[in-house]
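Have a look at the structure below before the remarks.
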Amino acid sequence: MSALLPLLVGLPLAGALACGILHARVLVRRHRDPEAAANEALVGGIATGSVAVAFFVAVLLTIRLLSLPPEHRRFEADLGTWIDAGRLKVPARLLLDPLSALMTLVVSGVGALIHLYSIGYMRRDPGFARYFAYLNLFVAAMLLLVLGANLPLTFVGWEGVGLCSYLLIGFWYEKGGPADAGLKAFVVNRIGDAGFLLGIFLLHRELGALDYASVNEAARSGLLPANAATGAALLLFCGAVGKSAQIPLQVWLPDAMAGPTPVSALIHAATMVTAGVYLVGRLHVLFLAAPAVLLVVGLVGGGTALLAGFGALAQRDLKKALAYSTISQLGLMFLGEGAGAFDAGIAHLVTHAFFKALLFLAAGSVIHALGGEQDLARMGGLARRLPATFLCFLAGAWALSGLPPFAGFFSKDEILGGALHGAGAPVLGALGFAASFLTALYSYRLVYLVFSGRENFEGRPHESPALLLHPMRALAALSFVGGALAWIPIWNRRPIAEFLAPVFGGNEAGGGAEHVLVAVLSLAVAFVGFLLARRLWMDRGLAGERALARLPLWRVAAAGGVLDAFYRGTVVRAARVLAIACGVFDLFVVDGAVNGIGRAASAAGETLRLLQNGKVQAYAIGVAAAAGALLLAAFLLGGTR
Amino acid sequence: MNPVLPILVFAPAAGAAVLALAPRGGARDPLRFAFGISLLPLAIALGLFFAFDASSASPQFPFSTAWFRSGGVDVRFAFGIDGISLLLIALTALLGPIFFLAAPGHIAQRRREFAAWGLLMQTGMLGVFAVSDLVLFYVFWEVSLVPLYFVIGIWGGTGRARATTKFVLFTIAGSLLLLLALLAVLLEAGTADLFELARGRRLLPASIERLAFLGFALGFAVKVPLLPFHTWLPEAHVEAPTSGSVVLAGVLLKMGTYGLLRFCLPMFPRASAEFAPLLLGLGAAGAVYGALLAWAQRDLKKLVAYSSISHLGLVAMGLFAREATAVEGALLQMVNHGLSTGALFLLVGVLYDRTHRRGLDDFGGVAKSMPLFAALLGLTAFASIGLPGLNGFVGEFLILAGTFSVTPVPAAVATAAVVLSAVYLLGAVRTVLFGPALPATARLPDCTKREAATLLPLAGGMVLLGVLPGPFLERIRPSVAQVVERTRALAQAEPARPEGQR
Amino acid sequence: MSVPAAHVYALGAALFAFGLAGFIMRRNLLVVLLSLELMFNGALVTLVGAAREHRDPEPSTFGLFVVFLAAVEVSVGLALVIALFRLRQTLDPDAAAELRG
Amino acid sequence: MAEALFYALGLTALYGAGNVIARRHALVAAVHLALTLFALSGVYLLLGFPLLAGLNLLVYAGAILVLFLFVLLLLDVQRDEPLPLDLRGKLGPAAAFLVGIEALALAFASGEGPAEEGFRETTERAGEVLFGKYLFPFEVSGLLLLLGIVAVLVLARRGERRAPPPAAGPGEASEPARMAEVRP
Amino acid sequence: MSVGAHDLQAFAPGIALAVGAVAVLLADAFARRRGLTTAVAAATLLLAATLALRGFAHPSGEAFEHLFVEDRWTASVGLLSILSALAAGASAAGTFPAAAEKPGEFHALLLLAPIGMLLLAGARHVLLLVLGIETLSIAFYVLAAFDRTRATSVEAGLKYFLLGSFALAFLLYGGALLFGASGSFHLGSVGGGAEPARTAGACLLLAGLLFKASAAPFHFWTPDVYEGAPTSVVGLFAASTKAAALAAIFRWSGIVPESVRVLSLAAALTLLVGSVGALVQTSVKRLLAYSAIGHAGTLLIAAAAHHNHDPRAAEAAVFYLLAYAPMTLGAFALLARREREGGRLEIEALAGIGRAKPLWTGAFVLFLASLAGLPPTGGFFAKLFVFESAVRAGLAPLAVVGVLLSVVSLAAYLRVVGVAVLSAEPRPGEGPTAPGPVAWVCAAAVVGLGLFPGAALGRLTGLL
């Protein structure tokens, strides 16, 4: 069975290559005949097909995995050695265990749906084949990220998805904005990645081994010193912070919305940004061995969830609002993990992938229908015009808001339950509930602003074609049933947690009356949020928030880029000034010293020329003086004898 | 006695002689002729690569004949390579044909001379890596310098005379100190065989070892160039013709790092230990400093030149970690840098040939009109900033991981350079390729077939080394292990001074 | 006669010094040549003093060669001075200062 | 008596030497050199070197100085040197050097006793050295004489003996121009 | 007390040269056929070279009452001088009209000068030293002023003469003091004796020799003389004077106390003057004069190493001289040809000559590279061996000074190369196209020594 593993990475990769070649052909043709369009069906078919096949392979493998006894649920595929240098050995080994299987299913499944959606969305784009090449490459990298059996391989995927993110954000590179956003995303991620790398180095220094099994085992057995565990966990979490857009590195994600909307759905909502959550889950033993870091994870997550929630609330741009929402939800996941509820974090990751992808796709449909309009002020009343889209969006928002029976309620509930149990419980719990409240508030704000009230747009929007709607419907269905994966209250079963038990061990948190209490509380909070949103925004458009918008806090949140501006003003500027100062230093001091030597030699030569004045008697004086000096030197030097 | 190495080394020189002696007009297309000649070393190098016995650390394909005796030391006309040399020979042989293939784009005049100098330079560089005699090494070391002086000086930009003079003087100043140190070693050890010198159990007297190490290190540091000795490089690159920059960055700088690895570490283990902190610091600082400087540039060539300083600082750091992983990474990174920086210079050359401009601000939105160029530039940039899956990553990762495992601080500092590399290089890519097309650059023709032919082998190399570094690492492993073991073992056996032990 | 050798040496040194001073100072090439002869004579007197001190005929025979050398020198020197005079019409040593730097 | 004569002659020689370098007119200087040479010959004689004394008189005073005077008259330079003006700059170092040498010479006196009396070198003994040990240098000085002749032939002989060689084409014509160009 | 066959054999090259010189004068005086003098001179030089070579193979040892010694050192310096004279004569043929006017005198001087070198190199007695210096000096004074209708030539000769005689006076005085101290003129016993006179004498003697070697600060004459003298003979000045003076310095400077430090100091100063001075010149000829000073400095390093008990310093020095002679002779031969063809010798005048006259320029650049000590030329190994000797003798700091200053001198050469080769526009016209036979031979020697240094070095054993 494990022989199928490489296919998971290989299929999308092959798809990417094929699309790349087709793109090259398009370029060559375009030179001859500008009108000749790409064979979009072929490209879309290959791209979507490869991911879909990967999904089926993943399903197949997962079924096989489940047929094994829990402690043996892992497939490994060894593809030889990638790097072997000195003490460092990196085998090219893929690992499928419940955690990576779950991730694989989400990535390939959601990925396939979004590929399908993209065929419709990207129609007639001159970069159609290029788009799918990138998208397939992304899926390949993402699958490598989750399937890699050791940190370096994960890092390959990690940076690979970063690359694809960069390429896809800047897909419409002719405009400056997307290109800048892509660059920003990559650079900010790199800062986190530097931490990731250092974490890898630290583990390599301490352990020599970098595969997850060894690292977790060493952390469990105490082979890894506590200091090293803390350091490594903190450094690796830096990587997670960057990739998952947590404070303080969250600044890139709102800008990343400059890319095509399906990209935002797949990469910047459903999959890539969750890589950090996955990483922390993957190395949960290490993080458990570093409780301080785990607390940091929770606090960062909670803080991000809260602040990004405010951000989402105050946005006037539909996609940016969703982006902040994503940041907030990722924060929640970290909050759960920080509290020790890793399975809850992963469960929320899964459901979030469904409904957030759905929301983005629906938003894409709206934007598509409005001819690229993203401003919430220029929407409203679209429920009548785009009924299918409306329903899908509503399903997504419902799920997001954490109201049953949609998925968000159940997975979020898990997190909140975990938060109240783990370390730092009161703080994390409070943050969690506050974020939940905000989530419901902004979720319905979006629904009301987009779909209710007066029509503030121009033109006559039409419902999107089936190619766009079908993936949305599928995701809507998943958003609905997805909650069952997290928690089935009736039987009090938690399928995902149970599925992941071989990885995380049995999680005894939650359950019973206490859990019900949490559920009721969270329901109440979400419902209050819903009611407030309904009161403020239903049929009123942005007018509803006029009072709020005067608050300084709101303005800060709306601007979104407070931290961004802060970075630009301090870190970036300081680095820039440092770079220019280095340039000046190099030119005048370092090179100046070099040129100074040259000038000194020339000056000495000129002095010599003055002495060499052509007058023979002057020379004679020189000779006589030299002879005198020689005598003097001989007597002085010889005097020592 | 296997004559393959002398043939490898002197084949280009023979070609140069033919060009020089051919009657005027006799060589109709000298660049094509030279290109043809330079394929021979490439073929030989490929053969060597596959014939190389990866399990052995001893010099292979030896060729040795008496040359002269000086001061009781037998100086031989001796060749022989181990894994370390093999990789760099392969790189040199690969860049040789590219040198000539790229030339027609920017060398309009005096092509015959250009071809002859190029071939001579090829001989010099191959010789540096292929010899196994100290004195012969030095001869090739300087011989490889002279052609580049003319290549930059004759076919360079407006400030070429100053730049090339500075380049030559700077490097010669370092080289001559190296020469003195080399003489001291020669006299003290009584042999000029560099493998013997690097392997013998006998150590030089401590005082000589220190001074000789300093001489060697200084000579190589100028060539690399390490931090305070780098100012010749940007100037030379800016003025050099594209081909010259490619070879300068691709091979000539490697001669410095090769020297550090081949001579400084194994021949002076105690001094290496003593000065390792300094060199680690200079390497790491250079990596960051170079990156910052690259960021501050508005001229593409200068940007790439400073990025070279940054990358090679990293390499030097890896070498002086004196740890197998880091050293293997450093060696691999030398090749990586040769490929990616060579390609970057070629790409800048592509733009320059079309517009006669090199400023960052002279370009914008080029990707639209030059998609192939954009793809190659993107690939190269990502290789250069160390994206996993491409070659730069493997080298950087090994260097940093290895260095971190013995001295975390410099490695951590140098990691900042990894971040900065993305800032400056992708920033430049953003400016040049993306955004609205500038009127001046909106209709540039895409890479020609010839240009693509110069770039694609390099691109292929980047992917190959990134995905399959195994065959390369495998061949250098025994040699590197030997160097590191000796360096470490002897440094610990007889500490030069107490604080020398880190 | 009991003149101390030192006094003979002193005489030689003084002559040499006078010659040296003249060589450096005088602005007439012929006088410069005369000064040169003084220097030679300084050496000659010193040789004589040495011969006397060591009771050895060798230095004084050496002295014969010095006289001879002086003759050759003067002939060549005068020839050169004449050659220069023909071109420059002056005996100022600084007239021959075209080559410099 | 002889001692007194020695000192008298020595002082005369020095007086002459001083005038050689101090007198403004070259002719006067030359005459004073003759005075010095005569005095020195006397010194040599006193010290017991009659051969040297004689040769000194003959070659130096006789031949060399006559040659000098001859050239002086030949060139017939009327202008006097602007001596005092120039002395100012050069007297300082010269004096210093002079003092140095003098001090050096006087230093010899410190360790040495007075010289032996009655030393007298005979022509025979000089001849023995000259044609014995110094035979080779003696022969070599013959070569020097030849060289001197050649030198004077080259430098002082006026006029062209032969037509310019055919090889000298355009270069010959531009000779004066080229001379002017050769400047530092 | 008499001169025997052994003595004659020891000085055979000198005798041949002397006889040849007379023959040349006679041939010039009585046979009116052009070319006869040239032929006689060339034949004499070849014969003398053969004899010197024979002397090198079978040195006769001390001769002439121990005044002179023919060892391999003397023979090699003699051989070098003779071959240099041959090269200078060949170079002058066709490039030096004044020599063609007086071929007898010119060739006689060329033949007589090496005798002086031989004497200087082989002298073990102050008198012979003086006579050797005088012989070579007078020959060179006259050669410098040979172009006597040209003011600068006469100026060069006069300056050379005045300063040379001035230095000779010092040397003579030093010799006299030495005898006063030690009672001997002989190298073997001259070193001892009463103190101030001994040291003072030795120093003055050494000053005279250093002057001949154009070592700083006795170098002042060199640039002026080299610039003013006829170009075709300047190479001879540079190559052979240095050789002979260095030979004597090797032999004699041991009499000076602390000779190593004195020589080291002189070497460093000379290198400084040579390199820094060359840096600011505008005339190629004058630049090469400063280069000659610089090379004297390098040779003084070898001398210092020799006196610091490095047994192989002499080999290094002879190799150096062997390599230096062809490069400097070749370079001046090229300049002589250029001058003859109406080309100016200012550096600026060479602009673009690389394209107009590639062969000539190529040869010139080769000589410059060798002067700078770049491989694969003889100059490289010459420097290498000298520095090796210095390192071996424990004079590494001196070697460091040497190499750093040779970077400065390289900068000076690169100025010339930069103008000649790197400038863009080719200038048509002036200057010769071909380097000429002398330059070819010299270039072959330079490259040959660069490729096969062992061929020469291996034979240079047992020199002193």
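Letters A, B, ... are given to chains in the order of the sequence lines, protein chains preceding strands, and every chain is numbered from 1.
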Next item on the list: Could you give me the CA-CA distance, side-chain angles and deciding distance for D/Val43 and C/Val8, then say whether side chain to side chain contact (heavy atoms under 4.5 Å, CB included) is met?
Entry: CA-CA 9 Å; D/Val43 169; C/Val8 183; 5.7 Å; no
[Y] side chain reached by [X] side chain, heavy atoms, under 4.5 Å:
X        : Y        : value
C/Leu34  : D/Ile21  : no
D/Val129 : C/Phe62  : no
C/Ile82  : D/Leu155 : no
C/Phe68  : D/Val59  : no
C/Thr61  : D/Leu52  : no

Which atoms of [X] approach chain D - backbone, side chain, both or neither, heavy atom under 4.5 Å:
X       : result
C/Leu69 : side chain
C/Val66 : neither
C/Val72 : side chain

Measuring from [X]:[atom1] to [Y]:[atom2], what's the distance to the nearest 0.5 Å?
X        : Y       : atom1 : atom2 : result
D/Tyr44  : C/Leu44 : OH    : CG    : 3.5 Å
D/Leu11  : C/Leu11 : CG    : CG    : 8.5 Å
C/Ser60  : D/Leu55 : OG    : CG    : 11.0 Å
C/Arg52  : D/Leu46 : CZ    : CG    : 9.5 Å
D/Leu130 : C/Phe65 : CG    : CZ    : 5.0 Å
D/Arg125 : C/Arg55 : CZ    : CZ    : 9.0 Å

Identify the heavy atoms of [X] and [Y] that sit nearest to each other, and give their distance.
X        : Y       : answer
D/Val152 : C/Ser75 : CG2-O, 4.0 Å
D/Gly148 : C/Val76 : CA-CG2, 4.5 Å
D/Phe68  : C/Leu30 : CE2-O, 3.5 Å
D/Ala22  : C/Arg26 : N-NH1, 3.7 Å
C/Leu15  : D/Ala17 : CD2-CB, 3.7 Å

Notebook entry, point to check: Would the number of heavy atoms belonging to other residues, nucleotides or ligands and lying under 6.0 Å from CZ of D/Phe138 be above 12?
Noted result: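 Count not over threshold, so no.
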Next item on the list: Compute the ring centroids of C/His7 and D/Tyr7, then answer whether they are less than 6.0 Å apart.
Entry: yes
Note to self: Looking at chain C, which one of D/Gly127, D/Ser141, D/Ala29, D/Gly10 has the largest number of heavy-atom pairs inside 4.5 Å, strictly under?
What the structure shows: D/Ser141
Given that the side chain runs from C-beta out, which part of [X] has a heavy atom under 4.5 Å from chain C: side chain, backbone, both or neither?
X        : result
D/Thr36  : side chain
D/Ala63  : neither
D/Leu147 : neither
D/Leu14  : both

Checklist line | D/Phe70 vs C/Leu78, side chain to side chain contact (heavy atoms under 4.5 Å, CB included): CA-CA, chis, key distance, verdict | finding: CA-CA 10 Å; D/Phe70 190 69; C/Leu78 285 175; over 6 Å; no
